[in-house]
Amino acid sequence: MYLLIPAAGVGKRMGSNRNKLFLEVQSKPIIAWTLLAAEAASSISWIGIISQPSDWPDFKNIIADLSLAKPVEFIIGGSTRQESVYNGLQALPPEAEQVLIHDGARCLATPNLLNACAAAIRHCAGLIAAIPVKDTIKIVDETGIIQSTPDRQYLWAAQTPQGFNVQLLKQCHAEGIRQGWEVTDDAALFERCGIEVRIVPGEETNLKVTTPQDLAIAEFIISHRGG
Ligand SMILES: Nc1ccn([C@@H]2O[C@H](COP(=O)(O)OP(=O)(O)OP(=O)(O)O)[C@@H](O)[C@H]2O)c(=O)n1
Ligand SMILES: C[C@](O)(CO)[C@H](O)COP(=O)(O)O
């Protein structure tokens, strides 16, 4: 299975002065944990890391330190996640029929989750890892007044990995460009094009390291993992 890792962000919400993926959790950069999960997932045979060329020397040093057995290709990142994934799709080898996309910032996803998504995408056009929402969610207007409370049984928190048929995802990205759609995940492009996206049970611990609080939580989770 081909795996694209969007890793070209800047980490605004982390308040970091450079790509947050170089921040350390348990003495390893965030991206190193993500790459180690990909290395340990038996289904993954090819890794594309989508990132800004100015970060490539640091990524290359990290990869060398990890002595990964799997090939890692470097792909130039865009100015949004959506653009970065678009670039990643163009860089896939022509024989790639399905792809998993997994945020570099979701460094706690387990190899099992990557393998489960890789197995499931053989049987559908699109899927995402997701977990049921625990909070009561409110739709609020711009003045801060609640407009409605959606029924929680239909609410799921989207994670990555997200898996897709490559041809269809390329078509959906192209349609997104034509229509000027701005989305925060690839499933949203499938949805807007009217193509079904299936849910695969995600992991409660598979948080996206977005804020300094997430970094502390990631530190706690990794330090309490066995092995
Ligand atoms: N232009 C971008 C922006 C984001 N990403 C990647 O998409 C994932 C999810 O993005 P997010 O957590 O929002 O990362 P940042 O964009 O770095 O954070 P922020 O939005 O706080 O600036 C991350 O692995 C990030 O590196 C990317 O590849 N290209
Ligand atoms: C793809 C994603 O991780 C699913 O939760 C998320 O949508 C990325 O969005 P962000 O706005 O870049 O954090």
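One-based numbering, in listed order, for ligands and for the atoms of each. Predicted model only: the values in this text are computed from it and were never measured.
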Nearest non-hydrogen protein atom, [atom]:
{"atom": "atom 14 (O) of ligand 1", "answer": "Lys20 NZ, 3.2 Å"}
{"atom": "atom 13 (O) of ligand 1", "answer": "Arg13 NH2, 2.7 Å"}
{"atom": "atom 17 (O) of ligand 1", "answer": "Gly11 N, 2.8 Å"}

Is the backbone of Asn206 close enough, under 3.5 Å, to the side chain of Arg106 for a donor and an acceptor to pair up by distance?
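Side chain of Arg106 to backbone of Asn206, a donor-acceptor pair under 3.5 Å: yes, one is there.
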
Expected output: side-chain Arg152 to main-chain Lys134 donor-acceptor under 3.5 Å
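Judged by distance alone, yes, a pair lies under 3.5 Å.
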
Does any N or O of ligand 1 fall below 3.5 Å from an N or O anywhere on [X], backbone included?
{"X": "Gly9", "value": "yes"}
{"X": "Thr210", "value": "no"}
{"X": "Ala7", "value": "yes"}

Which atoms from ligand 1 have a heavy atom of [X] less than 4.0 Å away?
{"X": "Ser84", "value": "1 (N), 2 (C), 27 (C), 28 (O), 29 (N)"}
{"X": "Gly104", "value": "24 (O)"}
{"X": "Lys12", "value": "19 (P), 21 (O), 22 (O)"}
{"X": "Gly78", "value": "1 (N)"}
{"X": "Lys208", "value": "9 (C), 11 (P), 12 (O), 13 (O)"}

Show me, by chain and number, every protein residue that has a heavy-atom distance under 4.0 Å to ligand 2.
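Residues near ligand 2: Arg13, Arg81, Asp103, Arg106, Ala158, Thr160, Thr184, Asp185, Lys208.
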
Heavy atoms only: which of Ser16, Ala8, Pro6 is nearest to atom 23 (C) of ligand 1?
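Shortest heavy-atom distance from atom 23 (C) of ligand 1: Pro6.
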
Return yes when atom [atom1] of [X] has more than 12 non-hydrogen atoms of other residues, nucleotides or ligands closer than 6.0 Å, and no otherwise.
{"X": "Leu215", "atom1": "CG", "answer": "yes"}
{"X": "Tyr2", "atom1": "OH", "answer": "yes"}
{"X": "Glu196", "atom1": "CD", "answer": "no"}
{"X": "Gln147", "atom1": "CD", "answer": "yes"}
{"X": "Glu97", "atom1": "CD", "answer": "no"}

Looking just at side-chain N and O atoms, do [X] and [Y] make a donor-acceptor pair shorter than 3.5 Å?
{"X": "Ser54", "Y": "Gln52", "result": "no"}
{"X": "Gln162", "Y": "Asp185", "result": "yes"}
{"X": "Asn87", "Y": "Ser84", "result": "no"}
{"X": "Thr110", "Y": "Glu203", "result": "yes"}

For ligand 1, does Ser51 get within less than 4.0 Å through its side chain, its backbone, both, or neither, judged by non-hydrogen atoms?
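Answer for Ser51: neither.
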
Checking contacts here: is it the side chain or the backbone of Val10 that comes within 4.0 Å of ligand 1, counting heavy atoms only? Could be both or neither.
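Near ligand 1, Val10 shows its backbone as well as its side chain.
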
List the atom of Gln82, the atom of Val183, and the distance in Å for their closest heavy-atom pair.
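For Gln82 and Val183, the tightest heavy-atom pair comes out as OE1-N, 2.9 Å.
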
Cationic N near anionic O, under 4.0 Å, Asp186 to Arg81
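Arg81 and Asp186: salt-bridged.
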
